[in-house]
Amino acid sequence: MERLITRDDGTKFVTRERLGSGLLAVVYAAQDEYGKRAAVKLPAPNLPLDQFKRFEEEYDLLVQLRQALPDPTVPMAWWGTDEENGRRVLLLEMAPDAKLSDYLSQLDPWPREELLLEAAEQYAVLLQKLHNAGYTCADRKMGDLRWNDQTGKLVVLDWNAVRSKQDSGVREDIHMFATLWYQLLTGRYVGSGLRLLDDAAWADGGVSIGTRLILLKAFSGQYANADELVRDVRDGLTASRQSGEWLAQQGREALKKATVPNDTAQAGLNALRQQSYMTDANIPELDLAAENEALRYLDTAVRKGYTDAEFDRQDALRLVQSQGDRLIASAALAFEITNYDLAEQSLAWANRTLYQAEQPTKLQLRVKRWQLLFHAGLVAIDETEISLRKFRNALAGAVRRLEAADKQIPQQIEEWQTAQSAMSNVIGDISTQYGSEPVTGLLNLFVVETECRQLYVQAEEKEASGAYRDAVGFLEDIKQKLAMETADGPPKAYIDALRNEDAFARLDDRIRQLRRKERTAVIAQKLIADTSAFGLNVPATYIMQRLEDGRYFFANDLDEWEKIEESNKLPALLLLAQLAHHQQTGQWDEAIADLEKLAPIVQTDEQVRQKIEPFISPIIERIKEMVESQEDDTAALNMINALQNIQPFGQPKIFVNRGF
């Protein structure tokens with residue numbers, strides 16, 4: 001039923017469709033006599049008077065924010081009266097129909113990110129003004145974010161629930177901002193259990209390094225207030241609006257600064273190596289600001305299509321990788337001297353380098369390995385009476401052995417057997433002495449890695465010896481071990497990084513290749529036997545090689561070869577292989593004999609005719625050489641006669657003019 005609403009300035013509105021409802025109010029769309037629309041919030045029936053103050057707080061806040069904001073990021077608010085019952089109602093400026101999420105979903109990744117930076121700036125400024133007014137958000141949903149495409153402005157709805165400002169509320173607002181931004185960029189919802197540093201998937205979807213760093217800081221609580229968030233988002237937006245050439249130049253300048261040796265960091269690392277007493281003064285504060293800036297600019301330049309920046313970007317990535325190596329060394333040494341604060345700091349910085357850009361999987365795995373060790377140490381302290389030094393003495397040496405073996409996939413299986421044995425012995429001693437199942441469960445993940453590495457080397461050895469079926473068996477065992485389920489956090493991150501490591505990321509492809517080699521080997525043996533039966537002389541190695549590249553044969557599985565044999569086509573295929581071998585080895589008289597044997601088959605078999613075509617050009621080139629050098633006119637004539645018998649080629653015209 002329509003209601004007549006009179007705004008306090010006398011404007012009359014008539015309610016139309018219902019937009020929604022809650023515990024406090026029912027919201028209707030309304031329209032004045034000129035067609036201007038507004039949203040009317042009617043207090044719920046029997047709403048207590050003390051609850052009506054929520055309407056008053058919302059009105060006061062919207063007026064205050066509207067006055068403070070340069071852009072209409074929040075709707076205007078007015079008081080009015082419901083003429084039916086005389087109750088006070090709140091009228092709000094009608095927001096755009098388009099949700100920001102729906103609008104962004106229609107854009108490609110880079111335009112989507114750039115437009116979202118504009119929306120993020122407006123939202124960050126809104127948080128800044130809200131906090132300055134002494135409030136924080138109590139809730140914020142994706143549907144609250146609307147986008148006016150005509151003005152390029154964000155409009156934020158739902159201001160009926162705010163809280164008095166506290167530091168925890170400020171952090172929650174910024175974290176909520178990051179959660180919404182992440183979902184808008186990637187289309188994936190971020191649950192409360194997200195561990196961003198352990199989740200490589202968050203960087204998918206073509207998101208720039210600059211945006212990743214802002215998200216990383218927002219999720220990890222590095223922004224103390226909205227002012228810092230506004231600053232970083234504006235810097236990112238400024239960079240995104242520049243030309244690719246300007247961005248590349250800025251990146252090069254930052255890269256020059258980044259390559260200057262960091263004396264403080266080097267001194268800190270030297271102190272660690274000497275295992276001297278650690279103080280706040282000599283903890284290595286490895287400053288990545290220059291690398292961050294260079295990567296941010298150069299990455300954006302590349303995304304803008306400025307391809308010359310790609311070379312500089314690779315230099316920046318290499319610098320970050322070496323920085324990551326130093327940080328891992330710092331964490332390892334800090335762990336050995338039982339300085340857990342330093343180990344945690346170094347690992348956090350190393351994690352940061354991983355998400356500046358796509359880093360090598362080996363580096364990612366090393367960081368996750370030391371994170372797991374660090375996590376196991378903390379659990380050991382909580383669960384047992386073990387001391388840090390005893391834990392370090394018991395395990396760090398075994399992990400060092402694993403690190404040494406992992407520098408390169410070893411050619412000798414004994415290296416991994418030694419690493420696996422050392423790891424198992426240490427874990428067994430810890431379990432026996434302290435009986436800590438959680439610690440043992442974590443450390444057994446290291447055993448899983450050493451076992452997988454051991455199986456991988458065994459598979460390579462079997463492949464080299466031609467035992468392809470055995471090699472497949474070892475790789476299948478690796479797949480089964482890596483399919484384990486682990487708890488969230490460092491355990492899951494470690495196993496995920498192991499699955500993505502180069503040696504294991506393509507297990508399915510390796511298994512397919514080996515199975516094909518196995519089939520090829522069986523076919524090769526069959527063909528070798530057949531060549532003897534037909535009185536042909538094709539080396540076994542040559543048959544195997546040509547089977548693998550599929551150049552002269554029609555099939556690469558046993559069922560197809562059975563069909564070929566039944567069709568009596570096998571002699572022709574073997575003759576083709578022999579012809580190819582004779583050509584390659586320069587046995588031209590034998591090649592002529594092969595052509596003569598093939599001639600009658602070519603006349604009636606189109607498939608064989610197609611297969612023989614690649615052999616003609618080398619023969620013609622050989623005839624040219626013989627004619628021009630007057631090497632052997634008779635042999636050349638014999639070759640031409642052989643070609644004449646292979647229809648539809650006939651006698652090449654080039655030789656007709658030379659008197660043949």
Side-chain angles (χ1 to χ4, degrees), residues 195 197-198 328-329 331-344 346-348 350-351 362-407 410 415-457 477-478 480-501 503-504:
R195 292 176 180 269
L197 292 178
D198 297 328
I328 294 170
L333 288 162
F335 187 87
E336 286 198 7
I337 62 172
T338 66
N339 188 323
Y340 264 40
D341 289 339
L342 178 57
E344 184 176 26
S346 297
L347 286 173
N351 252 313
K362 185 72 73 179
L363 176 60
Q364 294 187 33
L365 177 60
R366 290 181 62 205
V367 173
K368 302 307 179 188
R369 184 183 293 142
W370 281 96
Q371 276 189 314
L372 181 63
L373 179 60
F374 176 76
H375 184 64
L378 294 181
V379 174
I381 296 169
D382 292 339
E383 296 285 336
T384 73
E385 298 296 327
I386 192 170
S387 71
L388 284 177
R389 187 166 295 279
K390 284 186 177 180
F391 186 80
R392 178 258 299 180
N393 290 339
L395 190 63
V399 176
R400 286 288 194 193
R401 191 183 296 274
L402 188 154
E403 291 270 84
D406 192 32
K407 286 182 179 177
E415 295 181 48
W416 280 112
Q417 288 174 334
T418 302
Q420 193 270 342
S421 177
M423 189 67 67
S424 297
N425 290 339
V426 168
I427 294 172
D429 292 343
I430 291 176
S431 179
T432 301
Q433 186 172 0
Y434 302 104
S436 173
E437 292 184 6
V439 176
T440 303
L442 287 169
L443 301 183
N444 272 326
L445 295 180
F446 290 126
V447 177
V448 171
E449 178 177 356
T450 57
E451 289 175 344
C452 288
R453 302 284 187 197
Q454 187 173 331
L455 288 167
Y456 190 87
V457 176
D477 288 345
I478 294 174
Q480 184 175 357
K481 287 181 180 295
L482 294 182
M484 66 170 61
E485 293 185 5
T486 54
D488 287 337
K492 183 177 186 302
Y494 169 70
I495 293 298
D496 286 346
L498 189 59
R499 291 180 185 130
N500 292 327
E501 204 271 319
F504 305 128

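Any value given below was found using the heavy atoms of this structure, including those in side chains, with hydrogens, waters and symmetry copies removed.
- Here R499 contributes atom CZ and I478 contributes atom CD1; the two are 13.5 Å apart, rounded to the nearest 0.5 Å.
- Rounding to the nearest 0.5 angstrom, the gap separating the CE atom in M484 from the NZ atom in K492 is 13.0 Å.
- In this structure, CD1 on I495 lies 11.5 Å from CG on N500, to the nearest 0.5 angstrom.
- The distance from the CZ atom of F504 to the CG atom of L455 is 8.5 Å, given to the nearest 0.5 Å.
- Looking at residues two or more places apart in sequence or on another chain, you find a side chain to side chain donor-acceptor pair (under 3.5 Å) between E451 and K481.
- The shortest distance between side-chain heavy atoms of N444 and T440 falls below 4.5 Å.
- Distance check, rounded to the nearest 0.5 Å: CG of L372 to CG of L498 gives 11.0 Å.
- The distance from the CD atom of E501 to the CG atom of L482 is 10.5 Å, given to the nearest 0.5 Å.
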